[in-house]
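What you see is a predicted model; the values in this text were computed from it and never measured.
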Amino acid sequence: MYRNQYDSDITTFSPSGRIHQIEYAMEAVKQGGAAVALKSKQFAVLVSLKRSSSELGSYQKKIFVVDDHVGIAISGLTADARFLCNYLRNETSYYDYVYESQMRIERLVTIVADHHQVHTQRYGRRSYGVGLLIAGFDQLGAHIYQTCPSGNFYDYKAISIGSRSQSAKTYLEKHFESFEECTLEQLITHGLHALRGDYTKY
């Protein structure tokens with residue numbers, strides 16, 4: 001990544017049709033701490049590795065509770081993640097107040113993805129430099145979604161994001177067929193094994 005004349009703001013396309021600031025935000029997600037999400041028929045699990053920026057500092061929180069039925073794991077800029085978490089909490093609280101029921105996970109993901117996308121089209125703003133793994137349970141069962149700074153979102157059976165997440169993805173790809181019938185404890189164990197594939201020291 002390097003600076004050029006087409007990355008000064010979010011509304012400028014390069015001649016090749018790229019928006020460089022979105023690519024920079026995606027790079028921030030790739031360099032963040034690893035996070036893993038996986039699900040069975042009844043459960044959705046988030047696993048993340050807490051890292052300290054230095055030996056003198058405290059650990060940064062990587063998993064946040066949004067509502068009774070949904071939580072998020074993050075990779076990228078923690079400040080952006082906290083803002084988006086509060087945004088999600090406001091949306092779920094408002095929905096619960098108006099409709100007296102819990103918001104469906106897909107609707108919640110669509111709302112936050114739209115919020116991501118708005119920051120890719122208005123001058124004077126920047127993309128959120130964070131990727132979210134959203135795990136929850138609603139009337140349709142357990143769900144796992146990934147959101148990107150570009151505004152895209154994806155539905156997964158299991159996924160890993162963050163630095164050196166490829167080895168975790170390799171583990172998940174080898175074992176995802178067995179996740180469907182797993183208990184909660186077995187899912188957590190699989191998540192830890194996937195993270196261990198990320199880091200030799202756990």
Side-chain angles (χ1 to χ4, degrees), residues 29-52 59-76 78 81-82 84-89 91-92 95-96 101-113 116 130-149 152-202:
V29 176
K30 292 179 183 177
Q31 294 181 10
V36 174
L38 57 162
K39 70 175 183 179
S40 65
K41 285 183 178 179
Q42 293 183 317
F43 304 103
V45 171
L46 296 171
V47 184
S48 182
L49 188 67
K50 290 200 282 189
R51 288 193 306 183
S52 174
Y59 296 106
Q60 286 190 329
K61 193 174 182 181
K62 296 292 184 181
I63 297 179
F64 300 87
V65 176
V66 174
D67 201 358
D68 293 339
H69 69 304
V70 60
I72 62 172
I74 65 112
S75 178
T78 308
R82 286 198 306 268
L84 288 173
C85 182
N86 288 333
Y87 177 79
L88 289 171
R89 287 170 177 165
E91 290 295 325
T92 54
Y95 188 93
D96 182 56
S101 64
Q102 293 178 331
M103 185 184 291
R104 284 176 52 182
I105 306 302
E106 184 179 7
R107 179 180 174 86
L108 182 63
V109 173
T110 303
I111 288 172
V112 73
H116 272 289
V130 64
L132 305 180
L133 294 181
I134 302 176
F137 192 89
D138 59 20
Q139 307 94 310
L140 301 178
H143 302 277
I144 289 173
Y145 289 92
Q146 176 195 0
T147 68
C148 300
N152 291 328
F153 66 92
Y154 308 94
D155 186 5
Y156 284 101
K157 294 181 180 177
I159 186 61
S160 174
I161 61 173
S163 61
R164 296 176 297 192
S165 61
Q166 187 56 50
S167 55
K169 286 181 183 177
T170 302
Y171 177 89
L172 295 172
E173 288 169 358
K174 287 181 179 178
H175 298 88
F176 79 94
E177 292 178 351
S178 65
F179 295 165
E180 195 76 10
E181 303 298 330
C182 282
T183 64
L184 179 59
E185 290 75 15
Q186 289 171 331
L187 276 182
I188 294 172
T189 302
H190 279 300
L192 293 175
H193 281 307
L195 264 189
R196 191 175 295 173
D198 259 331
Y199 299 90
T200 54
K201 292 182 180 179
Y202 177 74

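Taking CG of L46 as the reference point, atom CD1 of I144 lies at 7.0 Å (rounded to 0.5 Å). Atom NZ of K157 and atom CD of E177 lie 8.0 Å apart (nearest 0.5 Å). Annotation: the span from I74 atom CD1 to I63 atom CD1 amounts to 9.5 Å, rounded to 0.5 Å. Interatomic distance, OG of S40 versus NE2 of H190, reported as 10.5 Å (0.5 Å rounding).
Looking at residues two or more places apart in sequence or on another chain, you find a side chain to side chain donor-acceptor pair (under 3.5 Å) between Q31 and E27. Residues satisfying the ring-ring contact (aromatic ring centres under 6.0 Å, His included) test with Y156, not counting sequence neighbours, are none. Partners of Y95 under the ring-ring contact (aromatic ring centres under 6.0 Å, His included) rule, at least two apart in sequence or in another chain, are Y99. A search for side chain to side chain contact (heavy atoms under 4.5 Å, CB included) contacts involving I111 returns Y87, E91, M103, R107, not counting sequence neighbours. Every residue meeting the side chain to side chain contact (heavy atoms under 4.5 Å, CB included) condition with H143, not counting sequence neighbours, appears here in chain and number order: I105, D138, L140, Y145. Residues that satisfy the side chain to side chain donor-acceptor pair (under 3.5 Å) test with H116, not counting sequence neighbours, are absent from this structure. Legend: residues meeting side chain to side chain contact (heavy atoms under 4.5 Å, CB included) with E180, ordered by chain and number and at least two apart, are K41. When the side chain to side chain donor-acceptor pair (under 3.5 Å) test is applied to Q60, the partners found at least two apart in sequence or on another chain are T78. Remark: R89 pairs with F64, V66, C85, N86 by the side chain to side chain contact (heavy atoms under 4.5 Å, CB included) rule, at least two apart or across chains.
Formation of a donor-acceptor pair under 3.5 Å by the S48 side chain with backbone atoms of V36 is not found in this model. Put simply, the side chain of S163 never gets that close to the backbone of G33: no donor and acceptor are under 3.5 Å apart. With hydrogens and angles disregarded, no donor-acceptor distance shorter than 3.5 Å links the side chain of S165 to the backbone of A168. Between the side chain of S75 and the main chain of V29, a donor-acceptor pair closer than 3.5 Å is present.
Within a 6.0 Å sphere centred on CD of E106, heavy atoms belonging to other residues, nucleotides or ligands number 12 at most. Other residues, nucleotides and ligands place more than 12 heavy atoms under 6.0 Å from the NZ atom of K169.
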Exercise for review: Output, in order, the C-alpha distance, side-chain angles, deciding distance and verdict of side chain to side chain contact (heavy atoms under 4.5 Å, CB included) for T170 and K174.
Suggested key: CA-CA 6 Å; T170 302; K174 287 181 179 178; 4.0 Å; yes

